[in-house]
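Below, read A as the first sequence line, B as the second, and so on, with proteins coming before strands; counting in each chain starts at 1. Worth knowing before you read on, the calculation uses all heavy atoms, side chains too, and leaves out hydrogens, waters and symmetry mates. For clarity, every value in this text was computed on a predicted model and none was experimentally measured.
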Amino acid sequence: MKELEKVYNPQEFEDRIYDFWQKGRYFHSEPDDSRKPFTIVIPPPNVTGQLHMGHALDETLQDILIRYKRMQGFNALWIPGTDHAGIATQIKVEEVLRKEEGLTRYDLGREKFLERVWDWKKTYGDRIINQLKKLGSSCDWERERFTMDEGCSKAVKEVFVNLYEKGLIYKGNRIINWCPQCTTALSDAEVVYEEQPGHFWHIRYPVKNSDEFVTIATTRPETMLGDTAVAVHPDDARYAHLVGKTLILPLVGREIPVVADEYVDQDFGTGCVKITPCHDPNDFEVGKRHQLEEILIMDGNAVINANGGKYEGLDRYEARRQIVRDLEEGGYLVRVEEHTHNVGACYRCGCTVEPMASSQWFVRMKPLAEKAIRAVREGETRFVPDRFSKTYLNWMENVHDWCISRQLWWGHRIPAYYCDACGEMVIAKEEVHTCPKCGAAMRQEEDVLDTWFSSALWPFSTLGWPEDTPELRYYYPTSVLVTGYDIIFFWVARMIFSGLEQMGQVPFSHVLIHGLVRDSQGRKMSKSLGNGIDPLEVIREYGADALRFTLATGNAPGNDMRYYPERVESSRNFANKVWNAARFILMNLKEEDLSFSTAGLRPEDEWILTRYNDVVRDVTENLDKFEIGLALQKVYDFIWDLFCDWYIELVKPRLYAGGEESAMAQRVLLFVFSGALKMLHPFMPFITEEIWQALPTAEEACVTARFPVYDPALRFSESAGRMEHVMETIKAIRNRRAEMNVPHSRKASLYIETAHPEWFEGAALFYQKLAGAEQVLINSKIPEGTVQLVCDGASLYIPFAELIDLESELRRLNKELEKARGELARVEGKLKNQGFISKAPAALVEAENAKKEKFLALIAELTASIEKMEGRR
RNA sequence: GGAGGCAUAGCUCAGCUGGUUAGAGUACUUGCUUGACAUGCAAGGGGUCACUGGUUCAAUUCCAGUUGUCUCCACCA
């Protein structure tokens, strides 16, 4: 038998245990028709940034489920997400390039630049992946690289062509969100809105050949350079006479019409709206309806272009200042109001996005969304907790077409090919070099796809699709997606409609949603606040098991949790407790034959087995419902409170006594403890495995052991009840001794007066060991001068004559009596209620009756004691 | 404007399909070097379960409203 170190030191063994699992290839799984698959998809870590708590949480939850299912005999597979096409990397590399070498990506050229990005990802990806290992997960860089290069990109082309042929992808000139800093288009989901204080400029537009004018109000005066109309509401009497007239655009001098359009809200602002089709989505629509000219006034960096006349070359904000000044000088500015409004910013770089008309690729969402809505409505995919399906449906029902093209280089390049000679465009899975129409050379679309386009294919592209692989047939649809609620729109929704469209089936049956990890003040952890906590630091200090425990417990699914160092500390303390329990058991296992059987069990054995069995049942139920925190809490309570604080203490006398009694105790200890370790293993794999390797157990590794199963043969309700009765009295004695400040070392005889002497059979040792009893006398003559304790079904007497203060004793007894009477009144009230008797379940009425009896007996005992004491006063 | 969450001990939070003497961790008070563990053991104090109604024999739990608070989505030029 191996010995355990004296001190719990996770750093000493976690790496070793990880290697042990790797060698045993416990993380690998292949399709195997004799076992049911269980597959989990989890989101990607951002390999360029810091590993943060969110990843740690994803990994932990995923790993708990995988281990649990594997221990139940499932063939469990984990499909790790990767940051395969995240544009953050590209932007980071560009930034470094600019700072360190003064170069842009265009200086390097596409090929060289992409190599740089790969190098970057390799360096940082390895770092992150190695860190993730510490959480007990295995992530494989080679696999990530493969899926980016080969499998995934093939799937992307396949899907793109597929959707294009069905008319679900189109290229069009539309208003999109443009990030001038990332210089790319963004999807709606990538824009975050924030209330910002701003101004409302009221500007006068003169009517041509008249001294009349209209006043418009705007928050973005610089966009007036692109104005091609002013709109009013068709029913607005104030302006009816102006519809069809021509205005002169101030500063620019362009002649623009006044048009009537339902879009205008008569009650907002002045009731006149300047129309800038190229820089506002609503104006764009108005422009289309009235065949207005479209004038783009900015370039990709949000600098005014040639269409802006004398403002060309100015940044959008400089242009704004200049224009406002000029308007004022020209007498066009009526007034300026303070105005707070929502401003969209790029979620990645925080730069204010510029709505701009631009030629981009879009996915037509309506038909895809319909299927995706139905799948969730009909329960093919279930969100856990269920309320997130509302979030999902709400979004899906109001979804706009998805802008999928990005003006970047890192990512999957759109498989569209153009012929500059004849204007032909070809969409194809294979590269096209010559134009099928005129034979001229073709060039591929420069734009790449949104990261989430390829991420959406993850559940099947990683399994070999579009080939019909055994993996795909075996593992798809997957079982669970584990992720935070912040990426429901980005990823979850898109995986669902992509899976439905390409595979005809939902990608997963359950979506387990967790909350965000916040700091101790409830703030979101972020780089800019500097409040991010590095999981690796935590692991170094407390161990991976402690971190996992912290992340898995103490909050309900889908709710945010706050990170407190104290909580990790308490988790570590629990690990230490388990460690020491193991040490205790190991140093007491002396028997040759430690095989467990139910023959000859003592009441305390039957009690712990019964409780153990209950926990097995409960934990299994909880885990099957993804109630991970609840399950872990039950394992924790069982191990610490029931097993360590009670059972171990109860069996110590037998262990030390030796002989067959001791042997029996050893067998039960080993059986229950190893079972508890198995239950704990999914949550705290390292410590359980390390201990397992030291224990003389039949199964070679905890990771491959079978998860405990509820066993009716281990249910001993009668002796369990009796044992708890004894425990109640022990607690009562301890309580009294503590109140009277009797030190543990001071022993005294214990007299028990009871109508159920059989309850206390063989319990003498327990009172001696745990309640400071010298000898235990049942139903013998009670000496004078004792402290009396009234318990359910028994009165206990301890001769502490000199410590007795009659008055305080009486006060205490009367207080107890009052409490018991209160309880009795409550129970009787219930039982007197005819409605309760007739409508409540019989078992409940029965239980209430039993309670009534119990309280009646207690009250009788207490009254008798009080009377006796009064007599002595 | 639309949707959703949260409100339980000093603090952070559990409490699953209504019935418990309402729990945990932490903090606090007291006593313990009890032969695994002071990262520990034992005992204790501390809660009108936000408020108001409703459903029910029974509401911390279900429903409606109110207040406070947080989040997401949409968006008004």
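- A:Ile837 comes within 4.0 angstrom of no nucleic acid atom, judged by non-hydrogen atoms across all strands.
- Between A:Asp545 and A:Phe574, the closest side-chain pair of non-hydrogen atoms is not below 4.5 Å.
- Counting any heavy atom pair closer than 4.0 Å across all strands shown, A:Leu844 reaches a base atom.
- In this model, the phosphate group of B:C13 is approached by a side-chain N or O of A:Arg562 to a distance below 4.0 Å at OP1 or OP2.
- Using N1 to N3 plus N6-O4 or O6-N4 for Watson-Crick, or N1-O2 and O6-N3 for G-U wobble, each under 3.5 Å, B:A22 pairs with nothing.
- Pairing partner, B:A14: none, since no Watson-Crick or wobble contact has both distances short of 3.5 Å.
- Separating the CG atom in A:Leu858 from the CG atom in A:Leu824 is a distance of 10.0 Å, to the nearest 0.5 Å.
- Comparing B:G19, B:A77, B:A36 by their closest approach to the side chain of A:Ala581 singles out B:A36.
- Applying the 5.5 angstrom centroid cut-off and the 30 degree plane-angle cut-off, the aromatic ring of A:Tyr656 is stacked upon the base of B:G35.
- The side chain of A:Arg826 places an N or O atom within less than 4.0 Å of a non-bridging phosphate oxygen (OP1 or OP2) of B:U21.
- In this structure, A:Lys652 does not reach the B:U34 phosphate: none of its side-chain N or O atoms is under 4.0 Å from OP1 or OP2.
- Residue contacts for A:Arg567: at a heavy-atom cut-off of 4.0 Å it reaches no nucleic acid atom on any strand shown.
- In terms of polar N and O atoms assigned as donor or acceptor, the side chain of A:Glu627 never comes within less than 3.5 Å of the base of B:A14 in a complementary pairing.
- Using a 4.0 Å cut-off between charged side-chain N and carboxylate O, A:Arg736 and A:Glu739 make a salt bridge.
- Between the C1' atom of B:A77 and the CZ atom of A:Phe284 lies a distance of 17 Å, rounded to the nearest Å.
- Residue A:Asp486 is out of contact with every strand shown, counting any heavy-atom pair closer than 4.0 Å.
- Using a 4.0 Å heavy-atom cutoff across all strands shown, A:Thr391 reaches no nucleic acid atom at all.
- Residue-level contact check: A:Glu569 touches neither bases nor backbone, having no heavy atom under 4.0 Å from any strand.
- Using a 4.0 Å heavy-atom criterion, one finds that A:Gln633 contacts the sugar-phosphate atoms exclusively.
- Toward the 5' end of RNA chain B, the nearer of the two residues A:Asn394 and A:His400, judged by each one's closest nucleotide, is A:Asn394.
- The side chain of A:Phe836 lies closest to B:G19, out of B:A77, B:C75, B:G19.
- In summary, the side chains of A:Gln666 and A:Ser662 do present a donor paired with an acceptor at a separation below 3.5 Å, with no hydrogens or angles considered.
- Among the heavy atoms of the strands lying under 4.0 Å from A:Asn282 are primed sugar atoms or P, OP1, OP2 only; no base atom is included.
- Of the candidate nucleotides B:U39, B:C37, B:A74, B:C37 has the atom nearest to the side chain of A:Asn580.
- For A:Phe584 and B:U34, the CZ to P distance is 15 Å, given to the nearest whole Å.
- When heavy atoms are screened at a 4.0 angstrom cut-off, A:Lys854 is found touching base atoms of the nucleic acid.
- Among B:C76, B:G4, B:G19, the nucleotide with an atom closest to any side-chain atom of A:Pro841 is B:G19.
- Of the candidate nucleotides B:U39, B:U21, B:G19, B:U21 has the atom lying nearest to any side-chain atom of A:Lys819.
- A:Leu632 has its CG atom 16 Å from the P atom of B:A24, to the nearest Å.
- Between A:Lys815 and A:Glu818 there is no salt bridge, since none of the side-chain N atoms of the basic residue sits less than 4.0 Å from a carboxylate O of the acidic one.
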Got a list of protein N/O to nucleotides 40-42 of chain B N/O distances below 3.5 Å?
unit_1	atom_1	unit_2	atom_2	d
B:G40	OP1	A:Asn573	ND2	3.1
B:G40	O3'	A:Lys577	NZ	3.1
B:C41	OP1	A:Lys577	NZ	2.9
B:C41	OP1	A:Trp640	NE1	2.6
B:C41	OP1	A:Asp645	OD1	3.1

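- If you measure from atom CG of A:Leu770 to atom P of B:A43, you get 10 Å, rounded to the nearest angstrom.
- As judged by a 4.0 angstrom heavy-atom cut-off over every strand, A:Met587 is placed among residues touching the sugar-phosphate backbone only.
- Within the shown strands, B:G31 is the pairing partner of B:C41 under the Watson-Crick or G-U definition, both distances less than 3.5 Å.
- Salt bridge present: A:Glu816 and A:Arg812 bring a charged side-chain N and a carboxylate O closer than 4.0 Å.
- Using a 4.0 Å heavy-atom cutoff across all strands shown, A:Phe388 reaches no nucleic acid atom at all.
- The side chain of A:Lys634 contributes no N or O atom lying less than 4.0 Å from OP1 or OP2 of B:G23.
- Using a cutoff of 4.0 Å between basic side-chain nitrogens and carboxylate oxygens, A:Asp614 and A:Arg617 are scored as salt-bridged.
- Considering A:Tyr636, A:Tyr542, A:Phe683 as possible partners of A:Phe549, the one that fulfils the ring-ring contact (aromatic ring centres under 6.0 Å, His included) test is A:Tyr636.
- With A:Thr223 as reference, A:Lys274 is the one residue of A:Arg316, A:Glu354, A:Lys274 to meet the side-chain hydrogen bond (donor to acceptor under 3.5 Å, both in side chains) rule.
- Straight-line distance between the P atoms of B:C49 and B:G44: roughly 23 Å, to the nearest whole Å.
- Heavy atoms of A:Pro743 sit nowhere under 4.0 angstrom from any nucleic acid atom.
- The nucleotide B:U66 finds its pairing partner in B:A50, both defining distances of the Watson-Crick or G-U wobble pair being shorter than 3.5 Å.
- Rounding to whole angstrom units, NZ of residue A:Lys625 and P of B:G15 are separated by 11 Å.
- Ion pair A:Arg320/A:Glu222 flagged as a salt bridge, since at least one NZ, NE, NH1 or NH2 atom sits closer than 4.0 Å to an Asp/Glu carboxylate oxygen.
- The CG-P distance, from A:Asp280 to B:A77, rounds to 8 Å in whole Å.
- For the C1' atoms, the distance linking B:G40 with B:U60 amounts to 34 Å, nearest Å.
- Atoms CG (A:Leu669) and P (B:A36) sit 12 Å apart, rounded to a whole Å.
- Distance noted for atom C1' between B:G5 and B:C41: 41 Å (whole Å).
- Across the strands present, B:A58 finds no partner; the criterion is a Watson-Crick or G-U wobble pair with both atom distances under 3.5 angstrom.
- Nearer to the 5' terminus of RNA chain B, by closest-nucleotide assignment, is the contact made by A:Lys390 (compared with the other of A:Ile585 and A:Lys390).
- Distance from the side chain of A:Tyr193 is smallest to B:A74 among B:A74, B:G5, B:C73.
- Nucleotides B:G23 and B:G46 have their C1' atoms positioned 14 Å apart, rounded to a whole Å.
- With a 3.5 Å ceiling on both atom-pair distances, B:A74 lacks any Watson-Crick or G-U wobble partner.
- Rounded to an integer number of Å, the gap from CG of A:Asp188 to C1' of B:C75 is 12 Å.
- For the residue pair A:Tyr8 and A:Asn573, no side-chain donor N or O sits within less than 3.5 Å of a side-chain acceptor on the partner.
- Near RNA chain B, meaning a heavy atom under 4.0 Å away, the residues from residues 332-344 of chain A are A:His339, A:Asn342.
- Counting any heavy atom pair closer than 4.0 Å across all strands shown, A:Tyr564 reaches sugar-phosphate atoms only and no base atom.
- Within the model, atoms CH2 of A:Trp491 and CG of A:Asp486 stand 12.0 Å from one another, a figure rounded to the nearest 0.5 Å.
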